[in-house]
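A note on names: the letters A, B, ... follow the listed sequences, proteins ahead of strands, and every chain is numbered from 1.
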Amino acid sequence: MPAPSDGAPLRFDRTSTPGELVAKHGSLEPGASTGEIHRVAGRIQTTRGHGKVAFADLGDWGGKIQLFARADRLGDRFEDFLALGVGDWVGASGEVVTTRTGELSILLDGFELLAKSRRPWPDKRSGLQDVERRHRQRYLDLATNARAREVLMARSKTVAEIRRWLSDRGFIEVETPMLHPIPGGALAKPFVTHHETLGVDLYLRIAPELYLKRLLVGGMERVFELNRNFRNEGVSTQHNPEFTMLEAYQAYGDYTDMADLLESLIRDVAQSVTGGLVVPWHDIDIDLGTFRRVRLVDLVREAGADPDADLAAECERLGVAFDPKWPWGKLLVEIYEKKVEHTLVQPTFVLDFPRDVSPLARTHRTDPRFTEHLELIIGGMEIAPAYSELNDPVEQLARFQAQADGAAGPEDEAHRIDEDFLTALEYGMPPAGGLGLGIDRLVMLLTDSPSIRDVILFPALRPED
RNA sequence: GGGCCGUUAGCUCAAUUGGGAGAGCAGGGGCCUCUUAAGCCCAAGGUUCCGGGAUCGACGCCCGGGCGGCCCA
């Protein structure tokens, strides 16, 4: 069998990892010999040549161990060892020992260069600092910065815990279309694409909501989807054009059930990901043990505006920019978003958004100006909306038409009338609660990350050229 | 879209009010048989993001642009 052209090994059998050896032998006396021969692999992190002996740190994401090379043991291979550099992948074999200074080491009998790093490596002390390159070349960020690895692992665990938590409670995960003939389920500008053989424009979904509700019509009682949404809007520390959202629906429930569920879910996920319910956030601590519940209209009143007065005048007085065409509810929400939302640092359910801005939620059971639509705010960020879901096809059509008539925002962000969805509702959708949970922002909270780009491995950036 | 800040060697960063660009690390050569941010010696490394302008003289000042960060819309 011919050797590969570059002679590099195709595989390497390990008997242990650096982290496992540290766990087993981490407290040996200086100058100890274990009699254990091991084969370990990893990436060279530092090298220290010292005449007829040399050292290198070999590490992976789970730990590191020192390689101890002696010219009298390695013979001709000693020169090759000295040629190793930072970033090289190496498989090594030898006895597990400690040096005179007590450092746990592999006393090398042999080693293989598994892959060479051909480019200059970031500074070994500081790691890669340049924010732009950390995003464009995330592999270097991960390879040199422990913080980047911790965030990635926290995100992975968060997603895994959410899936397990929901599954344990009877929620079924589904996948609904990413390509939508009509963008729906949210107020947002979509990305447009085109299907050649069907000859139609399609939209990357802005939300899966209307498809998940079709599944409620089909009889699914507890259903969720955890995947990407796409919105053709600006990028900021809280927005990426593609972002990850959990949407979950529960038949026979309402928005108070969804608030209970969110509270319990976030608490359990925080506990398993961070080990506690108090998470540091910038300069303060956020206590996920207590979730306040307060009506939006009361928050606006607390902010010094009278919801029963002329809201355009109130906006004027408070310095909130507005469009005179906006309806009452839009003005009310504008005051809330500009004056209140960013001040809600501790977990807060903001209850009962106005009907004008909430076309998919049921009218409030006692106050018809509002809907049973809440938003969970933590750290000043919208983390999760939840509704008592509108299931009346006649009212749904009327709400869509009110949206299409304008007033609530730019035309390309208004709901378009999805006849197929209305047909589904006409077959009967059970009463249900639904929620959306922004996964990126939740991970920001759990990892004290100030920017969404810290928790998305490859965030949207302008092309370099 | 607006404002402010940043952009210098492969990386991390310096460079009084405008006077001719430096260090550490990495990479190259040499010494060294227990180092661990190894150490010591030597050499090399630059279109100071790009384009224009004022000045005897620009990394620095002015104008325009790129990319990034933060804040605002």
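- Under 4.0 Å is where a charged nitrogen must lie from a carboxylate oxygen, and between D57(A) and R48(A) at least one such pair does.
- The partner of rG18(B) is absent, by the rule that a Watson-Crick or G-U pair needs both atom distances under 3.5 Å.
- Both distances falling under 3.5 Å, in either a Watson-Crick or a G-U wobble arrangement, occur for no nucleotide opposite rU36(B).
- Separation of the P atoms belonging to rG27(B) and rG22(B) is 24 Å when rounded to the nearest angstrom.
- Across the strands present, rA26(B) finds no partner; the criterion is a Watson-Crick or G-U wobble pair with both atom distances under 3.5 angstrom.
- No side-chain N or O of E389(A) forms a donor-acceptor pair with one of Y387(A) less than 3.5 Å apart.
- The NE2 atom of H342(A) sits 13 Å away from the C1' atom of rC71(B) (whole-angstrom rounding).
- A straight line from CZ of F81(A) to P of rU33(B) spans 16 Å, rounded to a whole angstrom.
- The nearest whole Å value for the distance from the CZ atom in R136(A) to the P atom in rG66(B) is 14 Å.
- If you run side-chain contact (heavy atoms from CB on, under 4.5 Å) between M381(A) and each of E341(A), H342(A), R441(A), only R441(A) comes through.
- Under the Watson-Crick or G-U wobble criterion, with both distances below 3.5 Å, rC61(B) is paired with rG53(B).
- Geometric assessment of R205(A) against the ring of Y211(A) yields a negative cation-pi assignment under the 6.0 Å and 45° thresholds.
- Among the protein residues, S451(A) comes within range of the sugar-phosphate backbone only, with heavy atoms under 4.0 Å from sugar or phosphate atoms but none that close to a base.
- Atom P of rA21(B) sits at a distance of 14 Å from the matching atom of rU16(B), rounded to the whole Å.
- Contact detail for R39(A) and F12(A): the closest heavy-atom pair is NH2-CE1, 3.2 Å.
- At a threshold of 4.0 angstrom between heavy atoms, the contacts of R134(A) with the nucleic acid are absent.
- Atom CZ in R43(A) sits about 17 Å away from atom P in rA26(B), given to the nearest Å.
- Within the nucleic acid shown, G49(A) comes within 4.0 Å of at least one base atom, counting heavy atoms only.
- Of all nucleotides listed (rG69(B), rC13(B), rU35(B)), rC13(B) comes nearest to the side chain of Q129(A).
- In this structure, of rC11(B), rC34(B), rG68(B), it is rC11(B) that holds the atom nearest to the side chain of S126(A).
- Side-chain proximity of Q66(A) to the nucleotides rU36(B), rC11(B), rU33(B) is greatest for rU36(B).
- Projected onto RNA chain B by closest heavy-atom contact, R100(A) and L128(A) fall at different nucleotides, the more 5' of which corresponds to L128(A).
- For T46(A) against rU36(B), a side-chain-to-base donor-acceptor contact under 3.5 Å is absent.
- Base orientation of rG20(B): syn, the glycosidic angle falling within 90° of 0.
- For F68(A) and rU35(B), the CZ to P distance is 10 Å, given to the nearest whole Å.
- Checked against rC25(B), rC67(B), rU33(B), the side chain of V53(A) finds its nearest nucleotide in rU33(B).
- When the P atom is compared between rG20(B) and rG66(B), the two are found 33 Å apart, to the nearest whole Å.
- If you check rC32(B), rC70(B), rG68(B) against the side chain of R453(A), the one that comes closest is rC70(B).
- Summarising the geometry, the separation between CZ on R133(A) and P on rC49(B) is reported as 16 Å, rounded to the nearest angstrom.
- Of the listed nucleotides (rC71(B), rA26(B), rU36(B)), rC71(B) has the atom at the smallest distance from the side chain of T237(A).
- Nucleotides rA26(B) and rC62(B) are separated by 39 Å at their P atoms, to the nearest Å.
- Where L82(A) and D130(A) each meet RNA chain B at their nearest nucleotide, the meeting point lying more 5' is that of D130(A).
- Across all strands shown, E103(A) has heavy atoms under 4.0 Å from base atoms, whether or not it also approaches the sugar-phosphate.
- Separating the C1' atom of rC49(B) from that of rU7(B) is a span of 6 Å, rounded to the nearest Å.
- OP1 or OP2 of rA26(B) has at least one side-chain nitrogen or oxygen of K124(A) nearer than 4.0 Å.
- For a distance-only test at 3.5 Å, the side chain of D123(A) qualifies as a donor-acceptor partner of the base of rG24(B).
- When I378(A), L446(A), D448(A) are each tested for a side-chain contact (heavy atoms from CB on, under 4.5 Å) with I286(A), only one passes: I378(A).
- Once rounded to the nearest 0.5 Å, the distance linking CG of D418(A) with NE2 of H180(A) reads 9.5 Å.
- Nucleotides rC71(B) and rG52(B), compared at atom C1', are 30 Å apart to the nearest Å.
- rA14(B) and rU8(B) are spaced 9 Å apart, taking the C1' atom of each and rounding to whole Å.
- A cation-pi arrangement is absent between R231(A) and F243(A), since the terminal nitrogen or guanidinium carbon is not both under 6.0 Å from the aromatic centre and inside a 45° cone about the axis.
- Taking 3.5 Å as the limit, the base of rA38(B) and the side chain of R48(A) contain no donor-acceptor pair of atoms between them.
- Going from the C1' atom of rG6(B) to that of rA38(B) covers 35 Å, rounded to whole Å.
- Atom-to-atom, NE2 of H50(A) to C1' of rC32(B) comes out at 6 Å; the value is rounded to the nearest Å.
- The CZ-P distance, from R125(A) to rG10(B), rounds to 18 Å in whole Å.
- Pairing for rG68(B) is with rC5(B), a Watson-Crick or G-U wobble pair whose two hydrogen-bonding atom distances lie under 3.5 Å.
- Counting any heavy atom pair closer than 4.0 Å across all strands shown, R119(A) reaches no nucleic acid atom.
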